[in-house]
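First up is the structure itself, then whatever we jot down about it.
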Amino acid sequence: MRIRFLSMLSLAGVALASCGGSGEGLDENGRPLTDEPTPLVPELQSIQDNVFTPICTGCHAGSSAPLGFRLDAGSSFSMLVNTASVEVPSLKRVLPGNPDQSYLIQKLEGHAAVGAQMPLGQPPLPQATINVIRQWITDGAQQSVTALQSGAALQLHATTPLDGEMLQRPPREILIQASGELDVTSLNAASLSLKRSGGDGTFGDGNEVAVDRVSISVHSFQPTVIALSQPREKWVPDTYQLVLAGNSSPAVLGRNGMPIDGAALGMSGSDFTLQFTVEATQ
Amino acid sequence: VRLRLLLAMLCLSACGTALAEPYLAVQQGLKCMACHVNPTGGGMRNTFGQIWGQTAMPEKRIDTGDPWTGEINRFLAIGGNLRASGSYTDTPNQPSITAFDVDKASVFIDVRAIPDRLSLYIDQRVAPGGSINSEAYARLWLAGQRYYVKAGQFFLPFGIRLQDDTAFTRQVTGINFATPDRGVEIGYESPLWTAQLAISNGTAGGPATPDGKQYSLRVERVTPRWRAGASFNFNDSSEGTDAGGVTLGKRQMQGVFAGLRTGPIAWLAEADYIIDDTLVPNRDQIVGLVEANWRIRQGQNLKITAEYFDPDTDVSNDYRDRFSLVWEYTPIQFAQLRVGVRNYDGIPQNDTQNQRLVFMQVNGYF
């Protein structure tokens, strides 16, 4: 019995004697210090660097993100701001100006109607940290100025669905984020088209079917995030292609009047194309 | 007659003390499937597991006549778990937090369309919040229960399936009870070996991506006294798909794990090396765990766990550890009390990495 007790005690001793890293040369997220440390302030970039990236992207990143909800730097803004929650669709994840009605805050504070408090399985965030996020929402949940592209042709990326994604159910909405502010008046049926392949999975062979009456809403202006949706029953299993014109007229324009750089060529005047497949509608 | 036979067997073999966890398998020298419907463990208990949990685990068994087996009839069985807790979290430079929570309530249904051959299994989390499916799959046993094929949504096989999802080995690997995935699993069972190969979407239950899949392989040798195994996981489903235009890569994990029984102490150990190219910049990470479970007496277990996490092998001075001391007391069947303290230790400039958690948890299981 004594040996057993001592072996248990020695394990406890080793555990107690060990301690975490000294943190020397690191910032508070455990990353090497580069320039000035970035304190947590109510700006998205700061929240991204101090909360979303070091804490949340442990799970909410990549294609394995729970419920498809990603909080990596490239996705967080469009995934959050004015985007409906999957768990409680009546609530926006972040409703600018209203932290109490923002599902993100409810999840962080632990009083959401569905699911566990975040971060899952970890101690809750300090209320002081949540308060900074609250303040960012109260201030309008803006994208950080440094993340906005200006002076050049804007590039677009699809937050959801991803290009080439195979969906087992229709998308709730198609989220497209621009690298800056678009001239939203240039978004119309002539500059934006959604069509399906006609069942053969290919485009350009003449049997495509235009998808009409797609609802377009603007989630954010700066940067511009647009959401396209249609009633669930309108979707049919097929491959879909969304095109925002950049090299034809009328084109989708940035606020600077330049057509978009949809293909990310580094120059103005190319189409943005997103293709995805809806495998089932049930 | 069968129940009495099982009870008699259990009276001879009983020596476990707490709720279903891998250390119980090590203590008993059994494989997970000895007590669980799921060959890889966790979730619903089978008839043996149910009766064992009522006779061998608790300090005292309240006589209810025939024990609960969960079997409604030979084609249908049900079960469930409930974990509720109260906790006190002390974070440096922050106000302490006291909270009561329903950690998890789950119901299990096993429809045995062809008993011992073809089953439809559902593990549904019903609280907290709304109902969320954890597992839903069909399982077909082949070759006299030497092989099985599982298809649907299930927890992936990797390492030691600890009950504690907050353990570094569960959190960092991302394979835990919160992240089932959809796919196919093929399993092999022999008296001394257990192995699983799963191919899944790699999206933790989310929509599939076009670029890749997740492959999980787990092999373990199980003897009455010790066990050892290795795990491998490869996921390239997120390669090149970051919404921000950042090129992402694959994630590869490999690990070894073992269990050993020395008298009343059951030891568990796991070490994993993770190559994560989905992060920018990419990182290599190491997690480790050593756990001792001391059966003080029937109905009581003392668990001491030491854990290590290096979040980036290229960065010095950033590692974390966690130490846990948990007393588990099962006074009667179906009910367990867990009281414990967890001490997190990380870099001093991050308060949340240096928290102390004191908790009391009530587990109900049937």
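Order of the sequence lines fixes the chain letters, A, B, ..., with proteins taken first and strands second; residue numbering starts at 1 for each chain.
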Open item on the list: If you define the side chain from C-beta out and look only at heavy atoms, does anything of Asn201(B) sit under 4.5 Å from Gln168(A)?
Closed with: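 Counting from C-beta outward, Asn201(B) and Gln168(A) do come under 4.5 Å.
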Open item on the list: Could you report the tightest heavy-atom contact between Pro348(B) and Gly21(A), atom names first, then the distance?
Closed with: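 Residues Pro348(B) and Gly21(A), closest heavy atoms: CD-O, 3.6 Å.
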Task: Under 4.5 Å from a heavy atom of chain A, the part of Thr89(B) involved - done: side chain
Open item on the list: What part of Ser316(B) gets within 4.5 angstrom of chain A, counting heavy atoms only: side chain, backbone, both, or neither?
Closed with: backbone
Measuring from atom [atom1] of [X] to atom [atom2] of [Y], what distance do you get when rounded to the nearest 0.5 angstrom?
X         : Y         : atom1 : atom2 : answer
Ser22(A)  : Asp318(B) : OG    : CG    : 9.5 Å
Leu125(A) : Ile97(B)  : CG    : CD1   : 9.0 Å
Ile347(B) : Glu24(A)  : CD1   : CD    : 12.0 Å

TODO: Take atom CZ of Arg356(B) as the centre, draw a 6.0 Å sphere, and report whether it contains more than 12 heavy atoms from other residues, nucleotides or ligands.
DONE: no
Task: Most contacts with chain A, counted as non-hydrogen pairs under 4.5 angstrom, among Thr166(B), Asp164(B), Asn317(B), Val315(B) - done: Asn317(B)
